[in-house]
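What follows is a set of notes on a single structure, which appears directly below.
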Amino acid sequence: MADSFQPDRIQKLEDLKASGVDPYPATPPASRAMAADVLATFENCVGDEVTLCGRVMARRGYGKLAFLDLADQSGRIQAVMEKALLSPEDFSLLKMMNLGDLVEITGELKPTQKGQPSVYGKSMRILTKALLDPPAKWQGLQDTELRARMRYVDLFSNDEVRQRFQKRSAIMSAMRRVFEKHAFLEVETPVLHPLYGGANARPFTTHHNALDMGLYLRIAPELYLKRLLVGGMERVYEFARVFRNEGLSNRHNPEFTMLEFYQAFTDYRTMIDLTESLVAAGAQAAGLEPKGGKLLTTFRGKEYDLTAPFQRVRWADAFENKVGCSPTDTSAVLAKLKEEDIQASSSEGYGWWKAVNDLFERLVEPTLQGPVFVIDYPAAICPLAKPIAEDPVWAERFEFFLGGMEIANAFSELNDPQKQLENFQAQVAEATNDPESPNAVDHDYIRALAYGMPPAGGCGIGMDRLIMVLLGVDTIRDVLLFPHMRPETEEAE
RNA sequence: GGGGGCAUAACUCAGUUGGUAGAGUAGUUGGCUUUUAACCAAUAAGUCCUAGGUUCAAGUCCUAGUGCCCUCACCA
């Protein structure tokens, strides 16, 4: 991309330098007030002198007077620049200033004749000269590609974008407080994995030069977090950036944030309770307020009530309800598979249940608007989950659906090393058919289990999707500061 | 990958039946001491996404490409 600056701004930059002004001064302001704080306490502070820093968002100029709208992270405040109050040098700075420049203004707080709380500038400095024009002051930046590609412009020119990401931060902060309340430790586990596992997804690959070894970017942190359970860290969580080498859509980004948490000496029932607590905390942080006994969010034109407890439905019941037969009625399911043109690679085990699950995904999942917990999945498709002792066809697993999307996935974690080894070996055998199946057994993980992993519940939450629903944002790109984009095409230079 | 849509000034957008490229904002110049999308006057600013084609003539029609959006498929 060619580096280009606005010629008229370059001219003003030169004018500034010629008059002895550093357009990028090093010295920060001695003290600084935030616009929102000033406005909140304005009546009690009239007459006080404050220093404000921010970006000039609008200017209404007169001959010997100018009104500036100054924006900082907290909000906007008006500065009144009167020639009579300013030194000639400072007043002349207004001529060399453009919209978008970052300035420091020191002055007295006073309402204008129309009563608007303002700072009457006594002195000003240009802190940063901007060399490109900001977007149109009224419409802002509209082009969705440019908004995502130049999020730095989108953020300063669009208040609700900045607020959205402030809320995203607040949601994650509130969820951390839930974990702290329950004595969880926040941990960080490797992003570079010698083996990939913990989910079915195609990985990104990379290479470590010094060790001359191939590595994968993690598709899930699961297997490392469970090693920590073996080590005696009984309650751990990680906001894990994970990477999946798959397509993009309004709910898929190649890198996204997966919250995973594990609690020893519990099972998936505890994970349901925790998930409900986390959603509630997130909803509150997102600014949703209970009305008439309901906690409503609007997502893609539909209302969702986030009041816990959420509905629970057994996987088998949901299947039978929508497909019309029991998932264990082999001949009836076979007929349905034919009807839907789904091929089972085997008449039993993983191959069979994968096909039955495909049927579920096609016929049942689209009807799961949620919030709903789907409980007890076929054990054959849950290699990391503990089977139900009384009926081992099923595993202690749930998925949480909200807004028509899969938001969370949780198990009672399988801690039988021999059973885990068998499941891994079966997955590796499957990898020839399914490129998303792990291609190697993680023997170190088996060794860890062999030392004894406490029974535990574990859960993964797709943070970006949850935030989409909580904030009523239709596409994942709009809850990611820098969503994945194709590289900008190089222009001829 | 299939189907549909969009691409014009720094920004937001018009552009009729194919006939000289338009407006508002931002910029520049001048005026203005109470505006808040300030106002008045003047002025500068274009690879009409790219490459072909049809035509006397293409921003406009055709073909292909590129990018983005929507949608379907895929994404346990």
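Numbers restart at 1 for each chain; the letters A, B, ... are given by sequence-line order, proteins then strands.
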Checklist entry - Is the charged tip of A:R397 near the ring of A:Y377: under 6.0 Å from the six-membered ring centre and within 45° of its axis? => result yes

Checklist entry - What integer number of Å spans the C1' atoms of B:G2 and B:G59? => result 30 Å

Next on the checklist: Over all strands shown, is A:F256 touching base, sugar-phosphate only, or nothing at heavy-atom distances under 4.0 angstrom?
Outcome noted: nothing

Item to check | Base-pairing assignment for B:U66 (Watson-Crick or G-U wobble, both under 3.5 Å) | outcome: B:A7

Next on the checklist: Just verifying a value: how many Å separate A:R76 CZ and A:L68 CG, rounded to the nearest 0.5 Å?
Outcome noted: 12.0 Å

Next on the checklist: On the nucleotide B:A37, are OP1 or OP2 found under 4.0 Å from the side-chain N or O atoms that A:R59 carries?
Outcome noted: no

Next on the checklist: As a test of reading the structure: which of B:U12, B:A76, B:A26 is closest to the side chain of A:D133, going by heavy atoms?
Outcome noted: B:A26

Checklist entry - Do A:Y62 side-chain and B:A38 base share a donor-acceptor contact under 3.5 Å? => result yes

Item to check | Pairwise C1' distance for B:G31 and B:A38, with rounding to whole Å | outcome: 14 Å

Checklist outcome for this item: Answer for the Watson-Crick or wobble partner of B:A23, both distances under 3.5 Å, is B:U12

Checklist entry - Is B:U36 paired to anything, Watson-Crick or G-U wobble with both distances less than 3.5 Å, and if yes, which nucleotide? => result none

Next on the checklist: Please give the distance between the C1' atoms of B:U43 and B:A37 as a whole number of Å.
Outcome noted: 22 Å

Next on the checklist: Please classify the nucleic acid contact of A:N200 as base, sugar-phosphate, or nothing, using heavy-atom distances under 4.0 Å.
Outcome noted: base

Checklist outcome for this item: Ranking B:U34, B:U33, B:A38 by distance to the side chain of A:K64, first place goes to B:U33

Checklist entry - Using the P atom in both, what is the distance from B:G24 to B:A42, to the nearest Å? => result 11 Å

Next on the checklist: Taking pairing as Watson-Crick or G-U wobble with both contacts under 3.5 Å, can you name the mate of B:G18, or confirm there isn't one?
Outcome noted: none

Checklist entry - Which value, in whole Å, describes the distance between the P atoms of nucleotides B:A51 and B:U66? => result 15 Å

Item to check | Spacing between A:Q6 atom CD and B:G27 atom P, to the nearest angstrom | outcome: 11 Å

Next on the checklist: Does A:Q116 contact B:U36 through a side-chain donor or acceptor facing the base, at a distance under 3.5 Å?
Outcome noted: yes

Item to check | Out of B:U34, B:A38, B:C11, whichever nucleotide has its closest atom nearest the side chain of A:L146 | outcome: B:C11

Item to check | C1' atoms of B:A10 and B:A44, separation to the nearest Å | outcome: 13 Å

Next on the checklist: Could you tell me how far B:U29 sits from B:A45 if I compare only their C1' atoms? Round to whole Å.
Outcome noted: 15 Å

Next on the checklist: Among residues 77-88 of chain A, which ones have heavy-atom contacts with RNA chain B below 4.0 Å?
Outcome noted: A:Q78, A:E82, A:A84

Checklist entry - Do you know which two heavy atoms are closest between A:E260 and A:G460, and how far apart they sit? => result CG-CA, 3.9 Å

Item to check | Distance under 6.0 Å and angle within 45° of ring axis: A:R227 vs A:Y224 | outcome: yes

Distances for protein N or O near nucleotides 69-74 of chain B N or O, under 3.5 Å:
unit_1, atom_1, unit_2, atom_2, d
B:C69, OP1, A:R477, NE, 3.2
B:C69, OP1, A:R477, NH1, 2.6
B:C69, OP1, A:R477, NH2, 3.0

Item to check | Gap in Å between the two C1' atoms, one belonging to B:A7 and one to B:A14, rounded | outcome: 15 Å

